[in-house]
Amino acid sequence: MSIVKEKRISRKTVFEGHLIKVYTDEADLAGRRVHREVVLHQEASAIIPIDKDGNVLFVEQYRYPVDKVLLEIPAGKVDPGEDGLTCARRELEEETGYTGELIHLGDVYTTPGFCNELIHLYLAENLVHTHQHLDEGEFLNVVAIPLKKVFEDIREGHIHDAKTLSAFAIAGERLKRLADK
């Protein structure tokens with residue numbers, strides 16, 4: 001069976017905010033009219049920072065939509081005129097107070113069933129401490145966790161953030177070699 005590409009017929013704006021835009025679309029699917037709910041979101045970058053002692057620098061922050069404090073890798077949205085790498089460099093320093101050598105791991109669509117959000121994933125090594133400078137209204141703690149413990153935390157279900165889990169899945173073999181050193 002071949003994959004059928006849907007063709008948008010019409011789009012109605014439901015909501016336009018600072019972070020997302022929500023639409024209802026009517027599309028053609030092999031001669032049938034179907035309705036789709038679509039969320040458009042800016043691209044983002046996320047980084048696994050590993051310090052000289054083999055710790056991963058996580059950020060711990062409250063996430064309003066899920067009403068929980070989550071442990072995540074540093075991340076942020078790509079600003080206009082920025083690319084994923086530039087965003088990753090900026091967000092790493094803003095959130096953790098470190099800069100480092102960045103290695104592109106890959107890109108993931110977070111929830112392609114209804115949203116176009118694309119996150120560029122990076123690994124940061126050879127970290128150099130500078131200074132943390134959070135955005136206004138951003139409150140988080142930097143938490144250093146030994147790499148071996150991170151894999152335990154993932155297996156035990158203590159980390160729930162999809163971008164973090166995706167980054168560790170992609171970088172898994174490389175990180176396991178680092179953890180075994």
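As a basis for the values below, the full set of heavy atoms in this structure was taken, side chains included, without hydrogen atoms, waters or symmetry mates. Source: prediction; values computed, not measured. Sequential numbering from 1 along the given sequence is applied to the chain's residues.
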Only pairs at least two apart or in different chains count here, so list each salt bridge (charged side-chain N to carboxylate O under 4.0 Å, His left out) that has a residue in [range].
range            : value
residues 44-59   : none
residues 114-125 : Glu125-Arg174
residues 94-103  : Arg90-Glu94
residues 34-45   : Glu6-Arg36

Other members of the hydrophobic cluster containing [X], with the 4.5 Å side-chain heavy-atom rule, please.
X      : result
Tyr23  : Val38, Leu40
Phe139 : none
Tyr64  : Tyr62, Val69

Hey, could you give me each pair passing ring pair (Phe, Tyr, Trp, His ring centres under 6.0 Å) that has a residue in residues 27-52? Not counting sequence neighbours. none
Pairs where residues 86-114 contributes a residue and the test ring pair (Phe, Tyr, Trp, His ring centres under 6.0 Å) is met, not counting sequence neighbours: Tyr98-His129, His104-Tyr122
State, with a plain yes or no, whether a side-chain heavy atom of Leu70 is found less than 4.5 Å away from one of Gln61. no
Are side-chain heavy atoms of Val56 and Ile48 found at a separation under 4.5 Å? yes
Under the criterion salt bridge (charged side-chain N to carboxylate O under 4.0 Å, His left out), which of Arg32, Lys7, Arg33 is the partner of Glu26? Arg33
Could I get the full list of ring-ring contact (aromatic ring centres under 6.0 Å, His included) partners for His133, not counting sequence neighbours? His131
In this structure, would Leu123 and Ile119 fall into the same cluster of hydrophobic residues linked by side-chain contacts under 4.5 Å? yes
Return a table of donor-acceptor pairs under 3.5 angstrom between the side chains of residues 8-21 and protein atoms on other chains or two or more places apart.
unit_1 : atom_1 : unit_2 : atom_2 : d
Arg11  : NE     : Asp25  : OD1    : 2.8
Arg11  : NE     : Asp25  : OD2    : 3.4
Arg11  : NH2    : Asp25  : OD2    : 2.8

Quick one: do the Thr99 and Glu93 side chains pair a donor with an acceptor below 3.5 Å? no
Short N-O contact, Lys77 and Asp79, less than 4.0 angstrom: yes
Taking only distance into account, with no hydrogens and no angle test, what donor-acceptor pairs under 3.5 Å do side-chain atoms of residues 162-173 form with protein atoms, sequence neighbours excluded?
unit_1 : atom_1 : unit_2 : atom_2 : d
Lys163 : NZ     : Glu72  : OE1    : 2.7
Lys163 : NZ     : Asp161 : OD1    : 3.0
Lys163 : NZ     : Asp161 : OD2    : 3.0
Thr164 : OG1    : Ile73  : N      : 3.0
Thr164 : OG1    : Asp161 : OD2    : 2.6
Ser166 : OG     : Ala162 : O      : 2.9

